[in-house]
Each structure stands twice: as C-alpha cells, then as structure tokens.
2 protein chains.
Amino acid sequence: MSHTSTSAPTSREAQKARTRRSLLDAGLRLLEHQSLSSLGLREVTRVVGVAPAAFYRHFRDMGDLGVALVEESLGSLHGVVQEILAGPDDEAARIERTVSTIARYVREHPTHIRFVVRERHGGVPAVRAAIGAELDRFAEEVATALAADEVSEGWSERDMRMLGELFVDHMVMTASAFLDAALGEGPDEASVARTARRRLQLISTGRRHWLEG
Amino acid sequence: MSHTSTSAPTSREAQKARTRRSLLDAGLRLLEHQSLSSLGLREVTRVVGVAPAAFYRHFRDMGDLGVALVEESLGSLHGVVQEILAGPDDEAARIERTVSTIARYVREHPTHIRFVVRERHGGVPAVRAAIGAELDRFAEEVATALAADEVSEGWSERDMRMLGELFVDHMVMTASAFLDAALGEGPDEASVARTARRRLQLISTGRRHWLEG
DNA sequence: GGCGGCGGAGAACACCTGTTTACTGAATGA
DNA sequence: TCATTCAGTAAACAGGTGTTCTCCGCCGCC
C-alpha cells in the first residue's frame, strides 16, 4: 500500500474512490424524494449496481454517508459566503449579490441544498449535529465579516453574532424558497428573489438605526 | 348509528375516538426520536396494544396520521398568535410577549412543535403541504394584524405580507431553538430568549425606518 | 514472479414490514 | 327482542431489511 496520503492515486484507490462517489451520488439522488432515515442501504447499493456488503467498505452506516454528504454540501459553500460578503459594502449591491448568488447556487446544486434543508431538523442526530456545526461556522464567518462595516461600530460582540445567525438563517430560508419555486410549489423564482431582497433591506435598515434605540 | 354529527358521543364512537387518540399519541411519542417517513404502522399499533389491521379503521396510511397531527399541532396555535398580537402595540411589551409566549408554548407542547419543525421540510409531501398551508395562514393573520399599527402606514400590501412571513419564520426558528435548549443542545433557554428578543428588536427598528429608504 | 492486501460478490441469516382475509362479539336502532 | 353494524382480532401473505460469512480475483509491492 502507498502509505503516503498525498501520493498520486493508484488505480486501486482510484477505483475505490469512484464507487464511493457513486454511492454518494446515488444516495443524493434518492434523497431528493425521501428523507435520510427512510433511505435503505440496499436501496443505494441497488442503484449503484453493487453488492450490499460492499457498502461497508466505504461507510459504517447510512448516518455515516449522511455526514459525508453534509461535508460536501456545505464545505464548498464557505467560498460562496466570502464571495457574497467581499467586495464593496454598498448596501444595495451587497443585497443584490446575496440573493442572486443564492439563486445561482441553488440552481447549480439543488440536490445538495434540498438535502441540507431537509436533514437540518431530520431524524438522524449525527447528521443534524454536522449541519448545525457547519451553519454555526457560517454564522461566525458572517459576523466577523459584517463587523468590518462602518454601521457595525458600537455593536456588542453578542449582537454581531445574533446578526450573523439571522443572516445565515435567512440564507437557508431563501434557498429553500428557491427550491420550492423550481419545483413549481409556491411563488416563482422572481417573486422569491423580490421577497428575499426586501427582507434583507428591512434587516439592513434596522442595522443602520440600531444604536438609536 | 346516530347520524347527527353533533349528538352526544355514544359509547361506541367514544371508544373509537379513544383508540384514535391513542394512535395519535403513540405516533407523536415515537416521532420524538425519528421522522415520519421512517415511522412504521406496526410500530405505532404495537405501542398502543392493538392489531396492525385496526390502524386502517382510523387512517388510510401514516401520511394521513401525519396530516391529522399537523392539524392538532397548529390548529390550537391561531389563538396563541392572536394573543401575542392583541393588546397594547407598545413595541417592547409586544416583543416580550412574543418571546415568552413562544417559550411557554414550547414548554407545554414540545412534541407537537418538534414534529412540525421536523416535518416542515420532511419527506412526506402531504404533511409538508399541510404545514406549509397552515404557516401561510399564520403569515397572513400576522400581516393583517400588524397592518393596524401606526408604523405600518404607507406600507404596500406585498411588504406587509413579507413582514408577516418574516415574523412567522422567526417564530418557528425561535421555537426550534427553545426545543434544542430544553434538550441540552445549544445555548440555554435564557440565552435563546435574549437572542430572539434582539432579533425582534432589529426587525422592529427596521420597520420604524422603512419608509425613509 | 509470486504473494499479501483488499474491494467486491454472493448467499444465507433472522427479522420486520404493509396489506388482505375471514372472523368475533359487543353496542346499536327498529 | 332480534338483526345489523362495525371496531378490533388473528393469521397468513409476499415481500423487504441490515448484517455476517466465506470466497474470489485483481492490483501493487518486494
């Protein structure tokens, strides 16, 4: 075995990685229409075209696969958050950037988002914890990023944290609304975007006048 | 059979109602630690101490039972919403009333709230739809109630609707946070209450200065 | 070039699932 | 009083489930 973790993947571990990928993809696909706790191990392996026992070569159980999905769903999102918060802190521009970025991300990764929204309060504790931890990290990132704004002068650390959480929760709700729009449930995408923008405007306005009482 | 629906319950239909109640209670109890889509019909009947086939005398399937749980979970909540919004529209008082009422309601009906939060984005379409429809009704009730405030003058109907949804979403998030606090996960109840109050203050502030741009 | 490691196959395990069937027996209304 | 209605029973049905076992065959190292 090549015991160096950074070496070029041999054909063997490349193959292993490929089936692992297939299991994750199949799981994600099946999770589009059901929740993790009702997803069966055999169900996944059947789609991949692999023996049930092979599953254990990659994951301890379905919860383990779920946690892996959380990491790949939210890991790539840190960059997105930075992308939103960076650049000019002009209020209108940032709001526009926020909403359009979320819309694009949901369009590009609908299954991942659906999974996160569904399992955030779902029935698998390990997955719930993983999502919660990741969202907490986001909240803190947002809080420190927004603390750099002029309007954040005089804010307590605790209030900044509150603002970060509010922002993240709003992102998740907006993403969920975009998903529903894509499925034809609820208002259409343009309407969701409009509402999301106004919400952010309301929060921004509150932020500007926060210290006045 | 007494064909008048409002007559006093005969012993037969009283017994039927009692069994139905037991099924709902057992389901709710089991749903504390799992999601609806993974809850089995036999699982429920076993807890109640009744034959599996008896289930069909009361519900078509588990989704049907879920919808019934939604109605009893959120039906009684309309009064609560009115209780919050009625009374003096003094900002601080209303915020305090909002948070403490949510805290009390979660303390009194933790299982119902947990169920709603979990299944709001869960894997059973019928239940999702039922919850969504009920929350929409809340949003509209809140919107019309808040429209009576002085600060709502000059607001468009659409923005009032946006505010109502924001309020309802905040209620659900706060309730969920209180639940986690009760289970020892995340911050404690006092901290959750504090954060919730500040969030409402931020929104209130934004509301007051809305028309200024 | 042979050999150990290991991803995957295949079968068997014991158990659980939703649904249908024919039935029982108590409450009911005439 | 007597026939009827119907909530609940018991059993059987044809699946499906997670997990474990032994085995195979290929890749990668010495």
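Just so you know, these numbers come straight off a predicted model, no measurement behind them. Chain A is the first sequence line, chain B the second, and so forth, proteins listed ahead of strands; every chain is numbered from 1.
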Item to check | Shortest side-chain distance from B/V50, nucleotide among C/dG8, C/dT17, D/dT9 | outcome: D/dT9

Item to check | Side-chain ion pair, A/D180 and B/R128, N-O less than 4.0 Å | outcome: no

Next on the checklist: Without decimals, in angstroms, what is the distance between A/R42 CZ and C/dA9 C1'?
Outcome noted: 13 Å

Next on the checklist: Can you tell me which nucleotide in C/dA9, D/dA12, D/dT19 comes closest to the side chain of A/P52?
Outcome noted: D/dT19

Checklist entry - Rounded to whole angstrom units, what separation is found between the OH atom of A/Y56 and the C1' atom of C/dA9? => result 15 Å

Item to check | Distance, rounded to the nearest Å, where B/R60 contributes CZ and C/dT19 contributes P | outcome: 12 Å

Checklist entry - Any side-chain N or O of B/T19 under 4.0 Å from OP1/OP2 of D/dG8? => result yes

Next on the checklist: Does A/R18 reach a base, just sugar-phosphate, or nothing at all? Heavy atoms under 4.0 Å.
Outcome noted: nothing

Item to check | Nearest-Å distance for atom pair CD/C1', residues B/E13 and D/dG8 | outcome: 17 Å

Item to check | Trace of the salt bridge (Lys or Arg N to Asp or Glu O under 4.0 Å) decision for B/D136 with B/R161 | outcome: CA-CA 10 Å; B/D136 265 9; B/R161 172 75 199 198; 3.6 Å; yes

Checklist entry - Just how far, in rounded Å, is C1' of C/dT19 from CG of B/D64? => result 16 Å

Checklist outcome for this item: Testing C/dA26, D/dC26, D/dT17 for proximity to the side chain of A/E43, the answer is D/dT17

Item to check | Residue mapping more 5' on DNA chain C - nearest nucleotide basis, A/A53 or A/K16 | outcome: A/K16

Checklist entry - In whole Å, what is the span from the CG atom of B/D61 to the P atom of C/dT20? => result 11 Å

Checklist entry - Which distance, rounded to the nearest 0.5 Å, do you find between the CZ of A/R60 and the CG of A/L65? => result 13.0 Å

Next on the checklist: Counting the atoms with a prime plus P, OP1 and OP2 as sugar-phosphate, which does B/R46 contact under 4.0 Å by heavy atoms, base, sugar-phosphate, or nothing?
Outcome noted: sugar-phosphate

Next on the checklist: Starting the side chain at C-beta, find the nucleotide from C/dT17, D/dG28, C/dA27 nearest to B/S11.
Outcome noted: C/dA27

Checklist entry - Atom CZ of A/R57 to atom C1' of D/dC26: distance rounded to whole Å? => result 14 Å

Item to check | Parallel, tilted or perpendicular, as decided by the 30° and 60° cut-offs, for the rings of A/F59 and A/F55 | outcome: tilted

Next on the checklist: Could you check whether A/R21 pairs with A/E72 (Lys NZ or Arg NE/NH1/NH2 to Asp/Glu carboxylate O, under 4.0 Å)?
Outcome noted: yes

Next on the checklist: I need the CG-C1' distance between B/L41 and D/dG8, as an integer number of Å.
Outcome noted: 14 Å

Next on the checklist: Is B/Q15 close enough to D/dC6 that one of its side-chain N or O atoms is under 4.0 Å from OP1 or OP2 there?
Outcome noted: no

